[in-house]
Amino acid sequence: MNMRATGDLDQIDDLDWSVRTAVYSFITEQMRPPTVDEAAALLGVPRERAALAFQRLNQRHALFLEPGTLTIRMAHPFSGIPTPFTVQVNGRAYFANCAWDMLGIPAALHADAEIEAHYADAANTAVTLTVRDGEVHGHDEVVHFPLPFQRWYDDLVRT
Amino acid sequence: MLFRSEEEINAWCERTGQPRGETLTLAQTWELAQRWYHDRLRPDFRGRTPDEAQRIFQQLGLTSPAWSLKPADESSCR
(Lines give C-alpha, C1' and ligand atoms only; values in the text may rest on other atoms or scores of the structure.)
Protein backbone atom coordinates (compact mmCIF):
# COMPACT_ATOMS: atom_id res chain seq x y z
CA MET A 1 0.00 0.00 0.00
CA ASN A 2 1.31 3.40 -0.93
CA MET A 3 1.31 5.38 2.31
CA ARG A 4 1.06 9.11 1.89
CA ALA A 5 3.11 11.58 3.87
CA THR A 6 1.56 12.28 7.25
CA GLY A 7 0.61 15.82 6.22
CA ASP A 8 -1.65 14.52 3.46
CA LEU A 9 -3.45 12.23 5.88
CA ASP A 10 -4.16 15.04 8.31
CA GLN A 11 -6.08 16.93 5.68
CA ILE A 12 -9.66 16.07 4.83
CA ASP A 13 -12.06 17.55 2.32
CA ASP A 14 -15.59 17.20 0.97
CA LEU A 15 -14.59 14.36 -1.33
CA ASP A 16 -13.26 12.34 1.59
CA TRP A 17 -16.52 12.81 3.44
CA SER A 18 -18.40 11.79 0.29
CA VAL A 19 -16.37 8.57 0.35
CA ARG A 20 -17.49 8.03 3.92
CA THR A 21 -21.12 8.49 2.92
CA ALA A 22 -20.64 6.07 0.02
CA VAL A 23 -19.03 3.50 2.32
CA TYR A 24 -21.97 3.55 4.70
CA SER A 25 -24.51 3.44 1.87
CA PHE A 26 -22.70 0.45 0.40
CA ILE A 27 -22.66 -1.34 3.74
CA THR A 28 -26.38 -0.85 4.34
CA GLU A 29 -27.14 -2.28 0.88
CA GLN A 30 -24.48 -4.96 0.51
CA MET A 31 -24.01 -5.91 4.17
CA ARG A 32 -20.23 -5.50 3.87
CA PRO A 33 -17.81 -2.62 3.39
CA PRO A 34 -16.73 -1.78 -0.16
CA THR A 35 -13.23 -2.42 -1.39
CA VAL A 36 -11.25 0.65 -2.35
CA ASP A 37 -11.87 -0.20 -6.02
CA GLU A 38 -15.61 -0.37 -5.41
CA ALA A 39 -15.54 2.95 -3.57
CA ALA A 40 -13.57 4.54 -6.41
CA ALA A 41 -16.13 3.28 -8.94
CA LEU A 42 -19.04 4.58 -6.85
CA LEU A 43 -17.55 8.06 -6.67
CA GLY A 44 -16.09 8.06 -10.17
CA VAL A 45 -12.59 8.85 -8.88
CA PRO A 46 -9.20 7.21 -9.44
CA ARG A 47 -8.35 4.32 -7.18
CA GLU A 48 -5.51 6.30 -5.65
CA ARG A 49 -7.88 9.08 -4.61
CA ALA A 50 -10.29 6.63 -2.97
CA ALA A 51 -7.33 5.02 -1.21
CA LEU A 52 -6.25 8.42 0.12
CA ALA A 53 -9.80 9.01 1.36
CA PHE A 54 -9.80 5.66 3.16
CA GLN A 55 -6.54 6.56 4.86
CA ARG A 56 -7.68 10.05 5.83
CA LEU A 57 -10.95 8.74 7.24
CA ASN A 58 -9.00 6.09 9.14
CA GLN A 59 -6.73 8.79 10.54
CA ARG A 60 -9.80 10.62 11.89
CA HIS A 61 -11.39 7.44 13.24
CA ALA A 62 -14.29 7.89 10.84
CA LEU A 63 -13.67 4.31 9.82
CA PHE A 64 -11.02 1.74 10.72
CA LEU A 65 -8.74 -0.08 8.34
CA GLU A 66 -6.93 -3.34 8.97
CA PRO A 67 -3.42 -2.12 9.83
CA GLY A 68 -1.21 -1.80 6.78
CA THR A 69 -4.09 -2.36 4.36
CA LEU A 70 -6.96 -0.58 2.66
CA THR A 71 -9.49 -3.10 3.95
CA ILE A 72 -12.21 -1.63 6.13
CA ARG A 73 -12.36 -3.57 9.40
CA MET A 74 -14.95 -1.38 11.08
CA ALA A 75 -17.33 1.38 10.09
CA HIS A 76 -19.13 1.71 13.39
CA PRO A 77 -21.52 0.19 14.24
CA PHE A 78 -20.86 -2.24 11.35
CA SER A 79 -18.11 -4.83 11.32
CA GLY A 80 -16.30 -5.80 8.14
CA ILE A 81 -15.68 -9.33 9.42
CA PRO A 82 -17.90 -11.98 11.04
CA THR A 83 -18.46 -11.46 14.76
CA PRO A 84 -20.60 -13.06 17.51
CA PHE A 85 -23.25 -10.39 16.86
CA THR A 86 -25.49 -10.83 13.82
CA VAL A 87 -28.15 -8.20 13.31
CA GLN A 88 -31.04 -8.72 10.91
CA VAL A 89 -32.75 -5.57 9.71
CA ASN A 90 -35.22 -5.27 6.83
CA GLY A 91 -34.23 -8.62 5.39
CA ARG A 92 -30.50 -7.98 5.53
CA ALA A 93 -27.95 -9.39 7.97
CA TYR A 94 -25.06 -7.37 9.34
CA PHE A 95 -22.22 -8.08 11.71
CA ALA A 96 -21.84 -5.73 14.67
CA ASN A 97 -18.51 -5.06 16.35
CA CYS A 98 -19.71 -5.59 19.90
CA ALA A 99 -22.71 -5.68 22.23
CA TRP A 100 -23.10 -1.91 22.05
CA ASP A 101 -22.93 -1.93 18.26
CA MET A 102 -25.44 -4.77 17.96
CA LEU A 103 -27.93 -2.16 19.21
CA GLY A 104 -26.19 0.59 17.30
CA ILE A 105 -27.18 -0.96 13.99
CA PRO A 106 -30.96 -0.71 14.51
CA ALA A 107 -30.38 2.71 16.06
CA ALA A 108 -28.48 3.90 12.98
CA LEU A 109 -30.98 2.35 10.57
CA HIS A 110 -34.01 3.52 12.59
CA ALA A 111 -35.56 0.10 12.21
CA ASP A 112 -36.61 -2.99 14.11
CA ALA A 113 -34.05 -5.75 14.40
CA GLU A 114 -33.57 -9.35 15.36
CA ILE A 115 -30.18 -9.95 16.91
CA GLU A 116 -28.33 -13.20 17.45
CA ALA A 117 -25.60 -12.71 20.00
CA HIS A 118 -23.20 -14.87 21.95
CA TYR A 119 -22.22 -14.39 25.55
CA ALA A 120 -18.59 -13.52 26.21
CA ASP A 121 -18.19 -16.35 28.69
CA ALA A 122 -20.16 -18.92 26.70
CA ALA A 123 -19.26 -18.54 23.05
CA ASN A 124 -21.32 -21.58 22.07
CA THR A 125 -24.47 -20.18 23.67
CA ALA A 126 -26.49 -18.05 21.27
CA VAL A 127 -29.27 -15.79 22.42
CA THR A 128 -31.86 -13.91 20.39
CA LEU A 129 -32.71 -10.33 21.24
CA THR A 130 -35.09 -8.02 19.45
CA VAL A 131 -35.60 -4.33 18.94
CA ARG A 132 -39.22 -3.57 18.20
CA ASP A 133 -41.16 -0.35 18.22
CA GLY A 134 -38.35 1.52 19.90
CA GLU A 135 -37.72 -0.96 22.68
CA VAL A 136 -35.16 -3.69 23.21
CA HIS A 137 -36.29 -7.10 24.39
CA GLY A 138 -33.85 -9.52 25.94
CA HIS A 139 -33.33 -11.71 28.95
CA ASP A 140 -31.91 -9.23 31.50
CA GLU A 141 -28.51 -9.30 29.90
CA VAL A 142 -25.80 -6.88 30.96
CA VAL A 143 -23.15 -5.26 28.81
CA HIS A 144 -19.61 -4.97 30.12
CA PHE A 145 -17.27 -2.20 29.03
CA PRO A 146 -13.85 -3.35 30.26
CA LEU A 147 -11.95 -0.21 29.40
CA PRO A 148 -12.66 3.41 30.31
CA PHE A 149 -13.83 5.50 27.39
CA GLN A 150 -10.54 7.41 27.23
CA ARG A 151 -8.77 4.18 26.27
CA TRP A 152 -11.20 2.78 23.75
CA TYR A 153 -9.06 3.87 20.80
CA ASP A 154 -5.91 2.29 22.27
CA ASP A 155 -7.02 -1.04 20.87
CA LEU A 156 -10.39 -0.81 19.23
CA VAL A 157 -10.53 -4.48 18.33
CA ARG A 158 -10.19 -5.46 22.00
CA THR A 159 -12.56 -2.76 23.18
CA MET B 1 -19.25 -7.72 25.87
CA LEU B 2 -22.52 -9.48 26.61
CA PHE B 3 -23.13 -11.44 29.81
CA ARG B 4 -26.09 -12.98 31.55
CA SER B 5 -25.40 -11.33 34.92
CA GLU B 6 -23.00 -9.21 36.95
CA GLU B 7 -21.86 -12.37 38.71
CA GLU B 8 -20.80 -13.87 35.41
CA ILE B 9 -18.85 -10.72 34.57
CA ASN B 10 -17.02 -11.03 37.89
CA ALA B 11 -16.27 -14.69 37.29
CA TRP B 12 -15.03 -14.00 33.76
CA CYS B 13 -12.76 -11.18 34.93
CA GLU B 14 -11.32 -13.39 37.64
CA ARG B 15 -10.78 -16.24 35.22
CA THR B 16 -9.22 -14.18 32.44
CA GLY B 17 -7.45 -11.52 34.47
CA GLN B 18 -9.23 -8.82 32.46
CA PRO B 19 -10.11 -5.55 34.20
CA ARG B 20 -13.55 -5.11 35.75
CA GLY B 21 -15.09 -2.17 33.95
CA GLU B 22 -18.46 -0.51 33.73
CA THR B 23 -21.73 -2.40 33.30
CA LEU B 24 -24.91 -1.26 31.65
CA THR B 25 -28.24 -3.04 31.42
CA LEU B 26 -29.58 -3.90 27.99
CA ALA B 27 -32.06 -1.03 28.23
CA GLN B 28 -29.31 1.43 29.16
CA THR B 29 -27.16 0.19 26.31
CA TRP B 30 -30.07 0.62 23.88
CA GLU B 31 -30.60 4.18 25.09
CA LEU B 32 -26.89 4.90 24.67
CA ALA B 33 -26.86 3.30 21.22
CA GLN B 34 -29.75 5.44 20.07
CA ARG B 35 -28.18 8.68 21.24
CA TRP B 36 -24.79 7.71 19.84
CA TYR B 37 -25.81 6.28 16.48
CA HIS B 38 -29.11 7.91 15.51
CA ASP B 39 -27.37 10.26 13.05
CA ARG B 40 -24.47 8.02 12.00
CA LEU B 41 -25.68 7.52 8.42
CA ARG B 42 -26.25 11.20 7.73
CA PRO B 43 -23.98 12.58 4.97
CA ASP B 44 -23.14 15.56 7.18
CA PHE B 45 -22.05 13.45 10.16
CA ARG B 46 -18.51 14.43 11.14
CA GLY B 47 -17.99 12.54 14.38
CA ARG B 48 -18.44 13.76 17.93
CA THR B 49 -16.34 16.20 19.83
CA PRO B 50 -15.25 15.15 23.32
CA ASP B 51 -17.76 17.62 24.78
CA GLU B 52 -20.60 16.14 22.72
CA ALA B 53 -19.65 12.63 23.79
CA GLN B 54 -19.46 13.70 27.41
CA ARG B 55 -22.89 15.32 27.19
CA ILE B 56 -24.40 12.10 25.88
CA PHE B 57 -22.91 10.14 28.74
CA GLN B 58 -24.06 12.70 31.29
CA GLN B 59 -27.60 12.74 29.92
CA LEU B 60 -27.74 9.03 30.60
CA GLY B 61 -26.33 9.38 34.09
CA LEU B 62 -22.96 7.91 33.09
CA THR B 63 -20.79 10.11 35.27
CA SER B 64 -18.22 7.74 36.76
CA PRO B 65 -14.53 8.27 35.89
CA ALA B 66 -14.75 5.47 33.31
CA TRP B 67 -17.04 7.64 31.22
CA SER B 68 -14.99 10.79 31.68
CA LEU B 69 -12.96 12.21 28.84
CA LYS B 70 -10.89 14.32 31.17
CA PRO B 71 -7.38 13.20 32.13
CA ALA B 72 -7.46 10.79 35.06
CA ASP B 73 -5.55 13.09 37.37
CA GLU B 74 -7.96 15.94 36.76
CA SER B 75 -11.11 13.91 37.32
CA SER B 76 -9.72 12.42 40.52
CA CYS B 77 -9.53 15.89 42.02
CA ARG B 78 -13.27 16.33 41.82
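Just so we're on the same page: letters track the sequence lines, and every chain starts at 1. Every value quoted in this text rests on a predicted model; they were computed, and no experiment measured them. No hydrogens, no waters, no symmetry mates; every other heavy atom, side chains included, goes into these values.
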| field | Max heavy-atom pair count under 4.5 Å with chain B, selected residue of S18(A), A99(A), P84(A), A62(A) | value | A99(A)

| Nearest heavy atoms of P19(B) and P146(A), plus distance in Å | CG-O, 3.8 Å

| task | Would you give the length of the straight line joining atom CZ of R20(B) to atom NE2 of H144(A), rounded to the nearest 0.5 angstrom? | result | 5.0 Å

| field | Nearest non-hydrogen partners of G104(A) and A33(B), listed with the distance | value | N-CB, 3.8 Å

| task | Could you tell me whether R42(B) atom CZ has more than 12 heavy atoms of other residues or ligands within 6.0 Å of it? | result | no

| note | Rounded to the nearest 0.5 Å, the CD atom of Q54(B) sits from the CZ atom of F149(A) at a distance of 8.5 Å

| Is atom CG of D13(A) surrounded by more than 12 heavy atoms (other residues, nucleotides or ligands) closer than 6.0 Å? | yes

| said: I'd like to know if the side chain of W30(B) reaches the main chain of V131(A), judged simply by a donor and an acceptor atom lying under 3.5 Å from each other, with no hydrogens or angles considered. | reply: no

| request: Mind ranking D44(B), L41(B), D39(B) by heavy-atom pairs under 4.5 Å with chain A and telling me who comes out on top? | output: L41(B)

| Best-contacting candidate, A122(A), P106(A), A75(A), A108(A), against chain B by heavy atom pairs under 4.5 angstrom | A108(A)

| task | Establish whether I115(A) and F95(A) are linked, either directly or via other cluster members, by ILVMFWY side-chain heavy-atom contacts under 4.5 Å. | result | no

| message | Counting only non-hydrogen atoms closer than 4.5 Å, does D140(A) touch chain B with its backbone (N, CA, C, O), its side chain (CB onward), both, or neither? | response | backbone

| request: Measure the CG-OH distance between L109(A) and Y37(B) for me, rounded to the nearest 0.5 Å. | output: 12.0 Å

| message | Looking at every heavy atom in both A120(A) and F3(B), which two are closest together, and how far apart are they? | response | CB-CZ, 3.5 Å

| task | Examine whether an atom of W12(B) lies under 4.5 Å from a heavy atom of chain A, and if so say whether it belongs to the side chain, the backbone or both; otherwise answer neither. | result | side chain

| query | Using non-hydrogen atoms only, which part of S5(B) is less than 4.5 Å away from chain A: side chain, backbone, both, or neither? | reply | backbone

| task | Could you tell me whether the side chain of H110(A) and the main chain of H38(B) form a donor-acceptor pair under 3.5 Å? | result | yes

| query | Quick one: which residues of residues 19-33 of chain A reach chain B at under 4.5 angstrom, heavy atoms only? | reply | R20(A), T21(A), Y24(A), T28(A)

| field | Residue part contacting chain A, namely of R46(B), when any heavy atom lies under 4.5 Å | value | both

| query | Rounded to the nearest 0.5 Å, how far does CE of M1(B) lie from CD of E141(A)? | reply | 14.5 Å

| query | Is the shortest heavy-atom distance from the side chain of R4(B) to the side chain of H139(A) under 4.5 Å? | reply | no

| query | With a cut-off of 6.0 Å (strictly less than), are more than 12 heavy atoms of other residues, nucleotides or ligands near CD of E52(B)? | reply | yes

| note | Between L26(B) and H137(A) the two heavy atoms that sit nearest each other are CD2-C, 4.5 Å

| Could you give the distance from CZ (F145(A)) to CG (L24(B)), rounded to the nearest 0.5 Å? | 4.5 Å

| query | Which distance, rounded to the nearest 0.5 Å, do you find between the OG1 of T125(A) and the CG of L2(B)? | reply | 11.0 Å

| note | Cut-off 4.5 Å, heavy atoms of chain A, and the answer for L32(B) is both

| Candidate pair D121(A) and R15(B), rule side chain to side chain contact (heavy atoms under 4.5 Å, CB included), full reasoning | CA-CA 10 Å; D121(A) 61 342; R15(B) 187 171 68 253; 3.7 Å; yes

| said: Between F45(B) and chain A, with a heavy-atom cut-off of 4.5 Å, which part of the residue counts as in contact: side chain, backbone, both or neither? | reply: both

